[in-house]
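Convention: sequence-line order gives letters A, B, ...; per-chain numbering from 1.
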Number of protein chains: 2
Amino acid sequence: MTPSPAAARPPARAATIYEVARLAGVSHQTVSRFMADRSKLKASTSEKVERAMAELNYSPNLTARSLRTKAAYRVLALVPGSSPYFPSRMLNGAAAAAREAGYHLDVVALEGAGPERTERLRGILDGGPFAGALSFVPISGTDLLQAQERIPVVVAGEYDDKMRGRGRISDGSAAQAIVEHLAALGHRRIAHIAGPQEWPAARNRLAVYRKAVHDAGLEDCGVAEAEWSAASGYTAAQTLLANPSFTAVFAANDHLAIGAIRALHDHGLRVPADISVVGWDDHPESAFLVPSLTTVHMDLEAQGSRAMEQLIAALNPGNTPPPEPGPTGMRLVLRESSGPAPKHGQAD
Amino acid sequence: MTPSPAAARPPARAATIYEVARLAGVSHQTVSRFMADRSKLKASTSEKVERAMAELNYSPNLTARSLRTKAAYRVLALVPGSSPYFPSRMLNGAAAAAREAGYHLDVVALEGAGPERTERLRGILDGGPFAGALSFVPISGTDLLQAQERIPVVVAGEYDDKMRGRGRISDGSAAQAIVEHLAALGHRRIAHIAGPQEWPAARNRLAVYRKAVHDAGLEDCGVAEAEWSAASGYTAAQTLLANPSFTAVFAANDHLAIGAIRALHDHGLRVPADISVVGWDDHPESAFLVPSLTTVHMDLEAQGSRAMEQLIAALNPGNTPPPEPGPTGMRLVLRESSGPAPKHGQAD
DNA sequence: CACAATTATGTGATCGATAACATGAGGCGT
DNA sequence: ACGCCTCATGTTATCGATCACATAATTGTG
């Protein structure tokens, strides 16, 4: 309950504006003004302050500043705690964007579910002050509203009401490209291994998959929901193989695809000769697998920084228009794991 | 220069100790004492304060507290910015341990090299206050000393002078198990794909590899240094294949192993029939590759939390003994990518 | 029961910055 | 030369907590 962190070794006491002021022969407020907008000072004064700052190696105490101004210099990034499948590159992108805008980034794992999750989220927000929060994990509607009461919250991959239609379609749009690609290779019967449906990205991919299969006049041979992991992909593929009428599998990410390929392998099926497999995310190692993975390349750093820019735009209303929340540099990458549909249906 | 984050929507003004005090009919200091150690208050007073806090939904302003006490409630985690190969599970472990101890965790990417890196590090520390820092990236000796002047810094995988001998050996100790495993399979000529040598882990694995090869009376057929990526592993393996006298490759992590296997594949060599490959880290998908990867399982969460506990121990001297910085749950996992050495030397 | 020792609570100062207001110096028109 | 306005700067209050000290309430003891 009571936090007990201690200031161990006092870090070589830093100079304050008062010391700078005394050394420069001005008042502390002048020093404060120097930091806010030096152009408002007489050139000679400005110089004196600058010299004093340099000499004392001054850097402002953000804690004090924040106490007075109530402005927060930190934004919160919520990441999955248990899932090792979170693309840290998204986080890197977000961190860079935050830094760029002068914010610090606190990364906190949000775990649990239900009321426990709600409570954890509250605890995290209490730990603030935060200027805003960017979540890479799904947040339930009520939790989101509750959090929004305190600070602006952006959920990456989720779009506000205005953007919803476009956002949803464009985020999953590559799923259409995948289906068309498979159709062009002669596949008529396709199955999908979907990600956890509380994730917007997983929902989008599934929705677009369904629509595209229908539009192309293909047959949907089943959707298996899975976690984001290879192990889960393996299991899901086994489930689908109970009724193996398809010649191609579209997995919602590369990990799932790896698990699926292994399951097919264990089932005596060759990829892509017997069954094609397509993934999503283009992990750096996907190009080096045997067979290398046909997948959707994503610029994850860019997605992360976009999401952060969206949040920052929400923090400084009127300053800058929020960036389009759409997809960023998505493209289908054709590799070995997808090939022509087998001539005589599937060898079983 | 001047940071310009703004407090957008004022977050529904939070209650202060003064308001709690007034509602409870006590002084603000009593409220403060309640938080510090409620047992010092009369039971009746304590109850009044508790009720008032609950009613006002009070949570303390950490900024103000921190300004007064100078205690920092945040610790810094330095992660690689550019490398997507950083195991985020280590970060999760560290974050959990920090949270457990009542600290918040700021995750910041440390990029660049040389003087630029030094400057960035300084800038990050200025952004504090931080109670301490945990680095998952290599830090040069001078930079480390400079940072240590301000706050305690622990570099994960690096050990202080007392621990050095033991730490180095134990961190890389599984390398010995690998070499012995390969020797038992009849391999006499081995090559190593090493990680970037500025990383302690990479150095440790290489050092133990060299020693183990020598001790087992095997032949070291070359060491290729690489980045941590699959692409780099591919290139390194190609280099090694210029003089293909070995029958087994030990890669410093699973990504490198994946790249190496692909290079062997492209070279017309089968794994493990012609050449065995062993990785390190046991990524969750390594068990599902074809062939599945013989590798060293690591409890990365535990490593991360251990490192954080080490830091926290340094922050609260005398409180708790720092945990052993040694290996955590490391074990060799035998899978398909390693097998008996080919009978008649290597097929080329 | 009185008086000291102890415990519980209140009052004012403080951390280091910015906000709000006050003051002094200079410029300029009449 | 006077007053008014502007600009540069100084003085004091303030953010929300804890610290240091003062004082009131309680306990123990002969």
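As rounded to whole Å, 10 Å separates atom P of C:dA8 from atom CG of B:Asp37. Residue A:Ile17 contributes atom CD1, which lies 10 Å from atom P of C:dG16 at whole-angstrom precision. The nearest whole Å value for the distance from the CD atom in B:Glu47 to the C1' atom in C:dA8 is 16 Å. Summarising the geometry, the separation between CE on A:Met35 and P on C:dG16 is reported as 13 Å, rounded to the nearest angstrom. Here D:dA8 presents its C1' atom at 12 Å from NZ of A:Lys48, a figure rounded to the nearest Å. Atoms CG (A:Leu67) and P (C:dT18) sit 12 Å apart, rounded to a whole Å. For the pair B:Tyr18 OH and C:dT9 P, the computed distance is 18 Å after rounding to whole Å. Distance A:Arg22 CZ to C:dG16 P: 13 Å, rounded to the nearest Å.
Residues meeting the ring-ring contact (aromatic ring centres under 6.0 Å, His included) test with A:Phe136, sequence neighbours left out: A:Phe86. Judged as a side-chain hydrogen bond (donor to acceptor under 3.5 Å, both in side chains), and not counting sequence neighbours, B:Arg68 has no contacts. Residues passing the side-chain hydrogen bond (donor to acceptor under 3.5 Å, both in side chains) test with B:Thr142, sequence neighbours excluded: B:Ser140.
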Contact pattern, 5' to 3', of nucleotides 22-27 of chain D - B, S or - by protein heavy atom under 4.0 Å: ------

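Note that CG of A:Leu41 is 7.5 Å distant from CZ of A:Arg33, once rounded to the nearest 0.5 Å. Atom NZ of residue A:Lys42 and atom NZ of residue A:Lys48 lie 7.5 Å apart, to the nearest 0.5 angstrom. For the atom pair CD of A:Glu55 and CG of A:Leu23, the computed distance is 5.0 Å after rounding to the nearest 0.5 Å.
For B:Glu198 (side chain) and B:Pro138 (main-chain N/O), no donor-acceptor pair under 3.5 Å exists by modelled atom type.
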Contacts under 3.5 Å, N or O only, protein and nucleotides 19-26 of chain C:
unit_1	atom_1	unit_2	atom_2	d
C:dA19	O4'	A:Arg68	NH2	3.4
C:dA19	N7	A:Gln29	NE2	3.0
C:dA19	N6	A:Gln29	NE2	3.0
C:dA20	N6	A:Gln29	NE2	2.8

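For the pair B:Lys40 and B:Ala64, nearest-nucleotide mapping onto DNA chain C gives the more 5' position to B:Lys40. Judged by closest nucleotide on DNA chain D, A:Gly25 is the one of A:Gly25 and B:Asn61 placed further toward the 5' end.
Note on A:Ser66: nothing from the nucleic acid sits closer than 4.0 angstrom, heavy atoms only. Across all strands shown, B:Thr30 has heavy atoms under 4.0 Å from sugar-phosphate atoms exclusively, and none from any base.
In terms of phosphate contacts, B:Tyr58 brings no side-chain nitrogen or oxygen within less than 4.0 Å of OP1 or OP2 of D:dG16. Residue A:Ser32 has no polar side-chain atom (N or O) positioned under 4.0 Å from OP1 or OP2 of C:dA17.
The closest side-chain heavy-atom distance from B:Trp199 to B:Pro80 is below 4.5 Å. Counting heavy atoms from C-beta outward, A:Val75 and A:Leu315 have side chains that approach closer than 4.5 Å. Side-chain contact between B:Leu91 and B:Leu300: absent, with no pair of heavy atoms (C-beta onward) separated by less than 4.5 Å. Within the 4.5 Å cutoff, no side-chain heavy atoms of A:Leu105 are placed close to those of B:Val108.
Counted within 6.0 Å of CZ on A:Arg22, heavy atoms from surrounding residues, nucleotides or ligands total 12 or fewer; the atom is thus considered open.
The B:Ser27 side chain lies nearest to C:dG10 when the options are C:dT9, C:dG10, C:dT18. The listed nucleotides are D:dA17, C:dT9, C:dA17; the one nearest the side chain of B:Leu41 is C:dT9.
For the helix from C:dC1-D:dG30 to C:dT30-D:dA1, the angle separating the two terminal helix axes comes to 40°, with each axis derived from five pairs and the value rounded to 10°.
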